[in-house]
Amino acid sequence: MNRSQLVKAVAVQTGQEARAVDTTIKGLTDVIMGVAAKGEPVAISGFAKFARVETKARMGRNPATGAPVKIPAKKKARITPLKGFKDALITPSTAPKLARGVWPPEAPAAKAAAKKAPARAGALRAGARPAAKRAPAKTATRSTTARKR
């Protein structure tokens with residue numbers, strides 16, 4: 001699911017306009033990134049915890065040569081799923097119920113076309129690819145050295 005699909009799904013689920021949802025999601029991501037960038041963790045209960053983690057400089061080894069290598073200190077992003085999120089993934093029955101049309105997204109044009117199109121005997125099923133065309137058969141030719149014999 002990409003951002004535009006997320007905006008549409010949240011708009012359908014909450015009954016709000018897509019523009020308002022998009023603005024809210026942009027604001028949410030901006031606040032999470034800004035606060036986490038300052039070193040403060042952000043936890044959304046039952047969903048995830050966003051934090052910046054700083055690693056210290058250390059010595060490591062090159063696995064190919066065994067030579068010691070200095071690994072510099074760096075900052076990383078850590079996103080930890082919380083219990084409610086994990087439970088919803090492991091046991092889908094505990095996940096929140098979605099409104100009709102949230103997922104999978106419904107395409108109104110495709111529905112209308114499916115209703116208007118008459119069923120044909122040899123019609124392809126939805127999503128199937130047509131059979132690949134075969135290349136023309138190769139003609140048997142003799143090489144020039146075979147003809148000289």
Side-chain angles (χ1 to χ4, degrees), residues 1-140:
M1 173 180 274
N2 61 28
R3 181 185 180 91
S4 64
Q5 290 171 333
L6 177 65
V7 168
K8 289 176 187 173
V10 172
V12 170
Q13 179 73 15
T14 60
Q16 297 179 352
E17 289 187 25
R19 280 189 175 178
V21 171
D22 189 39
T23 304
T24 303
I25 290 175
K26 283 180 184 175
L28 176 71
T29 55
D30 289 346
V31 169
I32 290 172
M33 285 190 289
V35 172
K38 292 183 179 182
E40 222 24 65
V42 177
I44 301 173
S45 300
F47 181 63
K49 181 178 177 183
F50 304 86
R52 181 179 78 182
V53 179
E54 297 178 16
T55 61
K56 297 178 182 176
R58 60 190 171 92
M59 291 301 290
R61 292 208 173 269
N62 181 338
T65 63
V69 177
K70 183 175 181 185
I71 301 170
K74 57 183 166 184
K75 297 174 186 171
K76 296 180 180 181
R78 178 174 292 159
I79 302 171
T80 308
L82 298 180
K83 186 178 183 335
F85 184 74
K86 288 187 218 176
D87 290 346
L89 293 182
I90 294 168
T91 313
S93 62
T94 62
K97 303 300 179 214
L98 300 176
R100 183 175 204 140
V102 172
W103 192 258
E106 296 178 8
K111 279 186 162 182
K115 287 181 181 178
K116 289 181 182 178
R120 293 183 286 155
L124 295 173
R125 65 181 190 277
R129 293 184 181 179
K133 293 183 180 178
R134 295 184 177 204
K138 293 183 180 178
T139 56

query = Passes side-chain contact (heavy atoms from CB on, under 4.5 Å), Asn2 versus Gln5? Steps please.
reply = CA-CA 5 Å; Asn2 61 28; Gln5 290 171 333; 3.3 Å; yes
task = Assess whether side-chain contact (heavy atoms from CB on, under 4.5 Å) is satisfied between Ile79 and Phe50, documenting all intermediate values.
result = CA-CA 5 Å; Ile79 302 171; Phe50 304 86; 3.7 Å; yes
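The OG1 atom of Thr23 sits 10.5 Å away from the CD atom of Gln16 when rounded to the nearest 0.5 Å. Between the CZ atom in Arg58 and the CD1 atom in Ile71 there is a gap of 3.5 Å [rounded to 0.5 Å]. Rounding to the nearest 0.5 Å places CG of Leu28 at 4.0 Å from CD1 of Ile32. Here NZ of Lys49 is found 13.0 Å from CD1 of Ile44. Values are rounded to the nearest 0.5 Å. The distance from atom CZ of Arg3 to atom CD1 of Ile25, rounded to the nearest 0.5 Å, is 6.0 Å.
Here the closest heavy-atom approach between residue Asp22 and residue Val7 is recorded as OD1-CG2, 3.6 Å. For the pair Lys76 and Lys74, the tightest heavy-atom approach, listed with the atom from each and the gap, is CE-CE, 3.8 Å. The minimum heavy-atom distance linking Pro68 with Met59 is given by the pair CB-CE, 3.9 Å. Here the shortest heavy-atom pairing between Phe85 and Phe47 reads CB-O, 3.3 Å. Contact record, Thr94 with Thr91: OG1-O, 2.7 Å, taken as the closest heavy-atom pair. Contact between Ala9 and Val102 at its shortest, heavy atoms only, is CB-CG1, 3.7 Å.
Other residues, nucleotides and ligands contribute only 12 or fewer heavy atoms inside 6.0 Å of the NZ atom of Lys56. By the 6.0 Å contact criterion, CZ on Arg78 is open, its count of non-hydrogen atoms from other residues, nucleotides or ligands being 12 or less.
Salt-bridge formation is not detected for the pair Asp30/Lys26: no Lys NZ or Arg NE/NH1/NH2 atom is positioned less than 4.0 Å from an Asp or Glu carboxylate oxygen.
A donor-acceptor distance shorter than 3.5 angstrom exists from the side chain of Arg52 to the backbone of Ala37, with no hydrogens or angles considered. Panel note: side chain Gln13, backbone Ala99; a donor-acceptor pair is recorded below 3.5 Å.
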